[in-house]
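In the text below, chain A, chain B and the rest are named by the order of the sequence lines, each starting its count at 1.
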Amino acid sequence: MDFTDDQIHRYSRHIILPEVGGKGQERLLSSRVVIVGAGGLGCPVGYYLTAAGVGTIVMIDNDNVELSNLQRQIAHNTERVGMPKAESAKKTFQALNPDVKVIALNEKITKDNIIGLIEDCDVVVDGSDNFPTRYLVNDACVLVGKPLVSGAILRFEGQVTTIIPRQGHCYRCLFEEMPPAGLVPSCQEAGVLGALPGIIGGLQAMEVLKLIIGKGDVLQNRMLIYDALKVSFRKVKVPKNPKCPVCGENPTITELQDYEADYCRMNF
Amino acid sequence: MEQIKPDKKVDIRGLVCPYTFVRSKLAIESLELGQVLEILLDYKDATENIPKSMQDHGQKVLKVEKINDREWIIVVRKEKE
């Protein structure tokens with residue numbers, strides 16, 4: 001591939017890096033990443049991946065921008081309140097880098113559409129804010145064999161982990177079942193300090209870039225936990241569970257389930 | 001002195017740092033190990049920066065030569081992918 005003059009300027013700080021170079025930049029430009037959620041995490045992840053020249057970014061989110069999102073969801077703005085979040089993010093990213101094809105899907109991710117969405121991508125990013133989606137994305141990535149960079153935030157704490165199906169752990173190796181509905185509060189209930197998703201989303205974007213260029217270590221069999229109040233990063237081991245219901249030796253989950261219904265039943 | 005025949009030549013006259021090195025690096029990436037690149041340039045600072053960066057990246061700088069009042073050539077052999 002020949003770079004244009006503009007591309008040589010735009011990506012010069014990548015090309016200079018021995019670990020990236022022209023070849024790494026070509027890989028980035030020809031890669032495809034699916035980001036689940038255009039919220040606190042999806043915004044910075046998408047922003048940095050767009051800046052880095054990831055060729056195709058698919059963003060899926062069925063929410064509209066609200067005023068209360070703008071304290072942390074940096075791809076949106078005041079004028080876009082009421083606009084679908086995926087559409088708003090697309091406008092921001094396209095203004096940043098015309099090399100990137102941004103596909104905005106204003107729909108809910110479900111067991112019926114997720115496989116088609118991820119099967120031809122290189123990496124999946126989970127920036128969702130609820131457990132049914134988190135487990136759906138995990139199980140789909142394990143079943144299809146796609147790397148997944150998962151992030152989560154609440155109050156002053158965040159966590160990141162990278163799932164390479166079959167090679168390393170998955171989300172269910174760590175937390176086999178979803179917690180009962182209502183047990184873990186949401187950001188809506190518990191709050192989140194505005195810069196936190198920037199830090200966790202930045203770490204997720206970095207994991208994605210390393211996966212695509214094939215350099216460095218990723219958080220396989222590890223979870224990185226950030227505590228903003230204590231200013232501490234802890235990297236904890238997450239062993240692959242041979243009895244994991246989805247990625248273990250004798251899996252009981254061999255197809256996608258109705259995660260929402262399962263979750264709601266837990267209320268009873 | 002032994003005459004080195006380059007496998008590829010790149011003309012980066014008119015460019016300044018860091019694009020002098022960016023262009024040179026892209027050119028060397030396109031070579032096979034052991035092949036030789038000749039860089040023609042007119043930005044004096046780059047006559048020091050390019051050889052230093054090339055060496056940092058594991059390449060072998062064979063020659064830096066002033067060919068007239070304003071122009072230089074740098075010859076580099078690719079020794080690392």
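Around the CE atom of Met206(A), the shell of radius 6.0 Å holds no more than 12 heavy atoms that belong to other residues, nucleotides or ligands. By the neighbour-count criterion of 12 heavy atoms within 6.0 Å, atom OH of Tyr48(A) is sparsely surrounded, having that number or fewer from other residues, nucleotides or ligands. Atom NZ of Lys91(A) sits in a sparse spot, with 12 or fewer heavy atoms from other residues, nucleotides or ligands closer than 6.0 Å. Environment of CD in Glu65(B): crowded, with over 12 heavy atoms of neighbouring residues, nucleotides or ligands closer than 6.0 Å. Counting non-hydrogen atoms of other residues, nucleotides and ligands closer than 6.0 Å to CZ of Arg80(A) gives a total above 12.
With Glu29(B) contributing its side chain and Lys23(A) its backbone, the two residues share a donor-acceptor pair below 3.5 Å.
The two atoms that bring Phe3(A) and Leu26(B) nearest to each other are CE1-CD2, 3.7 Å, heavy atoms only. Shortest non-hydrogen contact noted between Val22(B) and Ser12(A) is CG2-CB, 3.7 Å. The minimum heavy-atom distance linking Pro18(B) with Ile16(A) is given by the pair CB-CD1, 3.8 Å.
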Candidate pair His57(B) and Leu17(A), rule side-chain contact (heavy atoms from CB on, under 4.5 Å), full reasoning: CA-CA 9 Å; His57(B) 286 229; Leu17(A) 292 169; over 6 Å; no

